Amino acid sequence: MKYAVIDRGDSMSQQLAEQLHKLAAASELERNDDQPELVVSIGGDGTLLQAFHKYVHRIDEVAFVGIHTGHLGFYADWKANEMEELVRMMASEKPKIVSYPLAELEVQTDKETISYVALNEITLKGADITLVAQINVNDEPFEMFRGDGIVISTPSGSTAYNKSVGGAIVHPTIESLQIAEIASINNRVYRTLGSSFLLPQHHHCDIISKKDQRLLLAIDHLSVQSNDIRALRCTVSSKKVHFARYRPFPFWNRVRDAFIDL
Ligand code: NAP
């Protein structure tokens with residue numbers, strides 16, 4: 001089994017990473033940073049986002065597992081003091097592979113079309129003032145959006161930014177994208193849906209910039225600022241992210257433990 005480790009960069013996560021490499025060497029696991037089969041993320045959900053984007057080019061060959069050094073995460077379920085058990089299982093057991101949907105984004109600029117894949121969400125905001133954008137669903141006009149921005153989240157990203165803007169939490173077996181508004185303007189002149197909505201697989205949503213405006217685009221934690229973004233096309237990706245489960249990690253328990261059980 002070839003593995004790699006991505007840590008958050010703080011001293012605790014770095015020490016745990018060193019410890020994991022020692023335990024793994026003793027268990028004859030092969031460290032391979034270029035072509036891992038298993039990527040262990042040590043930190044939080046934000047660290048798993050970094051690990052995902054580092055290995056997104058090998059998304060079909062890689063499974064992720066997360067160790068959290070703070071609070072229990074949505075992507076990171078192992079505690080620091082369980083690392084020996086995790087390494088033992090990595091060396092001796094075949095994990096159950098759980099796959100979650102991803103969001104695919106095509107960005108059309110004046111010069112080119114660029115593709116991205118997001119694990120949590122795609123966020124579009126106006127850099128200066130209000131974002132003005134035409135939203136089309138399956139090539140039909142849907143609404144003219146005016147407001148702070150739009151969040152297009154995956155099911156596993158629905159517990160992140162999407163939840164903060166009032167979107168619903170979606171189980172990752174429901175292959176969909178959720179389109180949620182950030183502070184839309186609704187009055188006698190301007191009208192938007194006013195609630196989030198879900199797009200199933202094979203539907204697409206286009207967000208077309210409707211004036212000369214600087215836009216802030218974020219793909220998970222990665223941001224892009226640009227004067228020449230003309231349109232975005234968002235779909236459920238044909239690719240999925242894979243997680244290695246050495247024990248159950250039920251989604252609704254995570255939701256309860258993160259947001260209700262204090
Ligand atoms: P950050 O601003 O340092 O942290 C954002 C927080 O979101 C962290 O507590 C992180 O958990 C948590 N998080 C990440 N993915 C999650 C998920 N799928 N479900 C529930 N919580 C999740 O930024 P970051 O760590 O680089 O993460 C980038 C993410 O921040 C974006 O993808 C976006 O979802 C989120 N964000 C949220 C808001 C908001 O809620 N108003 C605004 C901007 C961005 P850990 O502490 O375990 O890392």
Side-chain angles (χ1 to χ4, degrees), residues 5-10 12-14 16-17 39-56 64-80 98-105 116-127 131 147-184 196 215-225 232 234 236-237 240-243 245 249-262:
V5 174
I6 301 290
D7 69 68
R8 183 160 50 194
D10 59 299
M12 182 185 179
S13 303
Q14 284 175 339
L16 285 169
V39 173
V40 184
S41 139
I42 304 179
D45 287 331
T47 318
L48 205 129
L49 290 176
Q50 290 173 27
F52 169 80
H53 284 281
K54 176 158 184 190
Y55 289 104
V56 71
F64 295 89
V65 64
I67 299 175
H68 63 89
T69 52
H71 54 91
L72 178 73
F74 277 87
Y75 298 122
D77 57 325
W78 289 83
K79 294 187 201 129
V98 173
S99 303
Y100 284 179
L102 297 168
E104 184 124 342
L105 171 67
Y116 298 93
V117 179
L119 174 56
N120 267 355
E121 76 284 289
I122 297 148
T123 309
L124 185 69
K125 293 180 183 170
L131 166 70
D148 283 5
I150 298 165
V151 178
I152 301 110
S153 69
T154 64
S156 61
S158 67
T159 49
Y161 203 168
N162 167 73
K163 185 173 184 295
S164 303
V165 296
I169 293 181
V170 179
H171 194 276
T173 51
I174 301 173
E175 298 191 17
S176 57
L177 289 186
Q178 182 164 185
I179 321 288
E181 303 177 349
I182 311 173
S184 59
S196 69
L215 295 173
L216 292 175
L217 173 66
I219 296 100
D220 298 330
H221 59 296
L222 306 165
S223 62
V224 182
Q225 188 168 345
L232 309 184
C234 307
V236 178
S237 176
K240 287 193 165 187
V241 59
H242 309 297
F243 294 98
R245 294 274 189 263
F249 188 28
F251 181 74
W252 295 118
N253 290 8
R254 275 177 272 162
V255 172
R256 180 199 59 206
D257 294 347
F259 299 120
I260 300 167
D261 240 2
L262 295 174

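When a ligand or atom number is given, it counts from 1 through the structure's own listing order. Predicted model, so just to flag it, every value in this text is computed and none were measured.
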Q: Going by the rule side-chain hydrogen bond (donor to acceptor under 3.5 Å, both in side chains), which residues pair with Ser99 if we only count those two or more places apart in sequence or in a different chain?
A: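 Once residues adjacent in sequence are excluded, the partners of Ser99 under the side-chain hydrogen bond (donor to acceptor under 3.5 Å, both in side chains) criterion are His242.
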Q: For ligand 1, list the protein residues that place a heavy atom within a distance below 4.0 Å of one of its atoms, sorted by chain and number.
A: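 Within 4.0 Å of ligand 1, protein side: Gly44, Asp45, Gly46, Leu49, His71, Phe74, Tyr75, Asn120, Glu121, Ser156, Thr159, Ala160, Tyr161, Ser164, Asp220, His221.
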Q: In chain order, what residues pass the side-chain contact (heavy atoms from CB on, under 4.5 Å) check against Asp220, with sequence neighbours excluded?
A: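 side-chain contact (heavy atoms from CB on, under 4.5 Å) list for Asp220, sorted by chain: Leu49, Phe52, His53, Ala118, Leu119, Asn120, Glu121.
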Q: To check you understand the geometry: which heavy-atom pair defines the closest contact between Ser13 and Asp10, and what is its length?
A: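 Minimum heavy-atom separation between Ser13 and Asp10: OG-OD1, 2.6 Å.
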Q: To the nearest 0.5 Å, tell me how far Leu131 CG sits from Leu216 CG.
A: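 Here the interatomic distance stands at 9.5 Å.
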Q: Would you please say whether a donor-acceptor pair under 3.5 Å links the side chains of Ser158 and Gln178?
A: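 Short answer, no.
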Q: Looking at residues at least two apart in the chain, or sitting in another chain, which of them share a side-chain contact (heavy atoms from CB on, under 4.5 Å) with Thr154?
A: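 Thr154 satisfies side-chain contact (heavy atoms from CB on, under 4.5 Å) with Ala103, Ser156 only.
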